[in-house]
2 protein chains.
Amino acid sequence: MKKMGPVPADPVSTDQVTALRRFNRYFTRRIGALDDHYLGQDRPLGEARLLFEIGGKGASLRDLRARLGLDAGYLSRMVRALQTQGLVHVSVHPGDSRLRVAGLTAAGEAEIREQNRLADALAEGLLGGLDARRRAELTTALDTAHRLLRLAAITVETVDGASPDARACLDAYAADIDARFPEGFDPATLVRPEEVSGEAGAFLVAYEEGRPVGCGALRRLGPRAGEIRHVWVDPGARRLGLGRRLLDGLEQRAVERRFTVVRLDTHAVLTEAQEMYRACGYTEIPRYDDNVYAAHWFEKRLPAAR
Amino acid sequence: MKKMGPVPADPVSTDQVTALRRFNRYFTRRIGALDDHYLGQDRPLGEARLLFEIGGKGASLRDLRARLGLDAGYLSRMVRALQTQGLVHVSVHPGDSRLRVAGLTAAGEAEIREQNRLADALAEGLLGGLDARRRAELTTALDTAHRLLRLAAITVETVDGASPDARACLDAYAADIDARFPEGFDPATLVRPEEVSGEAGAFLVAYEEGRPVGCGALRRLGPRAGEIRHVWVDPGARRLGLGRRLLDGLEQRAVERRFTVVRLDTHAVLTEAQEMYRACGYTEIPRYDDNVYAAHWFEKRLPAAR
DNA sequence: CTTTTCCTTTGACTAAAGTCAAGGAACAGC
DNA sequence: GCTGTTCCTTGACTTTAGTCAAAGGAAAAG
């Protein structure tokens, strides 16, 4: 086999940087500004944002502080202001009486509805300037941009298999497939943390704005063989190409461990996953394990470590 | 000929509104915020924006006030602040000594350069999260969105042919084609205002954010025939589909005047224009006028007024 | 049953952003 | 040359946004 050349350089072209900045400038000035100014109405922006963030479901002050990045004192006062305006009500958290939960009153909900109506009208007016074909084109372009910007912001990191983020992902994964497998899923068959740490394997978590939204595990099957397991992507982060990123990351970790091959299995119902594996260079092989949930087995030969 | 049905309704779907709002929310939060916060550095945002707006070419305080929408007093003080920091210099306008013109000092320019460097680095970091293929896809999507958002914001209005905006467009048009025609162009052959007003004809100007960026004239050729002339789009607003919008608008005005046909001519070098006319349903006809600049003549039959 | 940590409130600030009105200099139209 | 308008500056505010530290009640850790 021919030795591969160095990985081709992948520099960001200045044209692309310019395009992003140009768009950014235009968009924030024309659209963002509109939104904020018109929507704020006669309410200070901070309050409007807070009201919006509390939203229909309500939220604890602690969450609001984290989400909006506000100072505790500042938030406390703003909530009080909204409260005296009759827009929110505040109560003690049932489980932990240190926390306070804010929720919208009827008046607060009416205000949110009105804000939404205004924003919709604004967006509609903007879109109304285009004919149906162009409008569809714009919508597609915005969706594509949204998807790719999100993907660009997601980072994949190696974490300890016992870390809370890893466990959270595995729990979500287990719940997810328990719902999808006709026979359910027994969480006891998940990898153990020691299987995916150090030289034995690896555990990857994908983070979007600090929140774990995907994971994947690599464990040793033999001296030169690894197994990829539990590749999972949060429903809210699907169709971004994240599964592929996780798979790539796991293969890279496998190469680092001098594995020459990685295998994996999938359940019969996970057809999209099977398609992804095929598209990523995996070929179907005979059963190699006794996983009761598996119906298809794949493997991929890996290049040697550089 | 079969009578045409009513123009199909062209409502904006809620999905499209949602997509725009979703993108807007995501983008302003993730990208816009980044930009502003990081770029402001240790300088208040107002000052940073002002510095940027003054830019390389400098600007009068009056312009700055209009562009940034600031109070006169507020601006005056901010400029003074930048001046004492050695970032801008202020001088009296040569033509009108009521006006003051602000320009960047060397230090001011250095700061702008640094801001640009930071913004570029930020954009580059963001794009770096994607592979080359996806990056190209994102760039295309952003360009498309930018183009369509601009187009959506452009309004086409009927104005008096003698108005300053109309004259400005015609002057720009004349200068434009004077440069493109090998034999030059004599502005005396432009339409006269009385030819394009009232029942005789119409003059349309396209506005982008208040600035005229395109025009088109319709004048009467005979009892049932009109002529379209001077369809022009500012170089900065080309490739948006604006020419077509102007043409549509002029045809609509022609229908309102019960013209059954519109004609137009074009110069040999204006090949894109010829293509547009063909694409819009115009067919080439023999010479119908004695315009010395014309090499191709077109016409289009119009539907009856509703 | 302490000690520590967490969550919120309150008081006391500051900086930024913006508003309003008075007034002076310069210009434009008559 | 007079009058009204435009452009800028200045003084005197207000609101918004945010910071910091002290303190108290509640939960978690030891």
Side-chain angles (χ1 to χ4, degrees), chain A residues 28-29 32-33 35-54 58-85 87-103 164, chain B residues 28-29 32-33 35-54 58-85 87-103 164:
Chain A
T28 48
R29 190 169 50 82
D35 234 55
D36 277 2
H37 278 77
Y38 281 75
L39 259 60
Q41 294 277 75
D42 48 352
R43 186 173 306 294
L45 233 95
E47 282 184 21
R49 272 203 292 257
L50 178 54
L51 205 60
F52 221 93
E53 200 67 37
I54 292 171
S60 70
L61 296 199
R62 189 240 244 130
D63 283 359
L64 291 170
R65 227 169 52 224
R67 289 215 292 261
L68 293 168
L70 296 175
D71 173 81
Y74 186 28
L75 176 66
S76 178
R77 260 179 278 259
M78 263 206 295
V79 168
R80 152 117 358 156
L82 289 177
Q83 204 178 358
T84 59
Q85 289 170 70
L87 299 170
V88 306
H89 54 79
V90 179
S91 54
V92 175
H93 189 281
D96 181 344
S97 28
R98 287 172 304 180
L99 276 90
R100 225 129 282 208
V101 234
Chain B
T28 48
R29 190 169 49 80
D35 234 55
D36 277 3
H37 278 77
Y38 280 74
L39 259 59
Q41 295 276 74
D42 47 351
R43 187 173 306 293
L45 234 95
E47 282 184 22
R49 273 205 291 259
L50 178 54
L51 205 61
F52 220 93
E53 201 66 38
I54 292 171
S60 69
L61 295 201
R62 189 240 246 130
D63 283 359
L64 292 170
R65 228 169 48 224
R67 289 213 292 262
L68 294 169
L70 295 174
D71 173 82
Y74 186 27
L75 176 66
S76 178
R77 260 178 277 258
M78 264 207 293
V79 168
R80 152 118 356 157
L82 289 177
Q83 204 178 358
T84 59
Q85 288 171 70
L87 298 171
V88 308
H89 53 78
V90 179
S91 53
V92 174
H93 190 280
D96 182 343
S97 28
R98 286 172 306 179
L99 275 85
R100 227 129 279 211
V101 220

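Letters A, B, ... mirror the listed sequences (proteins, then strands); counts begin at 1.
With a 4.5 Å cut-off on side-chain heavy atoms, B/Gln85 and B/Glu47 count as touching. The side-chain heavy atoms of B/Val101 and B/Val92, taken from C-beta on, include no pair separated by under 4.5 Å. Considering only heavy atoms from C-beta on, A/Leu99 comes within 4.5 Å of A/Asp96 through its side chain. Taking the side chain as every heavy atom from C-beta outward, B/Leu64 and B/Leu70 never approach each other to under 4.5 Å. A 4.5 Å side-chain heavy-atom check between A/Leu50 and A/Leu75 finds at least one atom pair inside the cut-off.
To the nearest 0.5 Å, the span separating CZ on B/Arg49 from CG on B/Leu68 amounts to 7.0 Å. Remark: B/Leu87 CG to B/Ile54 CD1 distance equals 9.0 Å, nearest 0.5 Å.
Regarding B/Met78, its CE atom lies at a distance of 15 Å from the C1' atom of D/dT9, rounded to whole Å. Atom CG of A/Leu50 and atom C1' of D/dG18 are 14 Å apart (whole Å). Rounded to whole Å, atom P of C/dG18 lies 12 Å from atom CD of B/Glu47. At whole-Å resolution of the value, CD in B/Gln83 and P in D/dC8 are 14 Å apart. Rounded to whole Å, atom C1' of C/dG18 lies 12 Å from atom CZ of B/Arg49.
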Worksheet item: Which parts of nucleotides 6-12 of chain C does protein reach within less than 4.0 Å, heavy atoms only, written one letter per nucleotide 5' to 3' as B for base, S for sugar-phosphate only and - for none?
Response: BSBBBBB
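Considering only side-chain N and O atoms, B/Ser97 lies nowhere under 4.0 angstrom from the phosphate OP1 or OP2 of C/dA25.
Taking five base pairs at each end of the helix from C/dC1-D/dG30 to C/dC30-D/dG1 and finding the rotation axis that steps the C1' atoms of four pairs onto the next four gives two axes whose angle is 30°, to the nearest 10°.
Take the nearest nucleotide of DNA chain D for A/Gly69 and for A/Gly95: the residue whose nucleotide is more 5' is A/Gly69.
Annotation: A/Arg67, atom CZ; neighbour count of heavy atoms from other residues, nucleotides and ligands within 6.0 Å is above 12.
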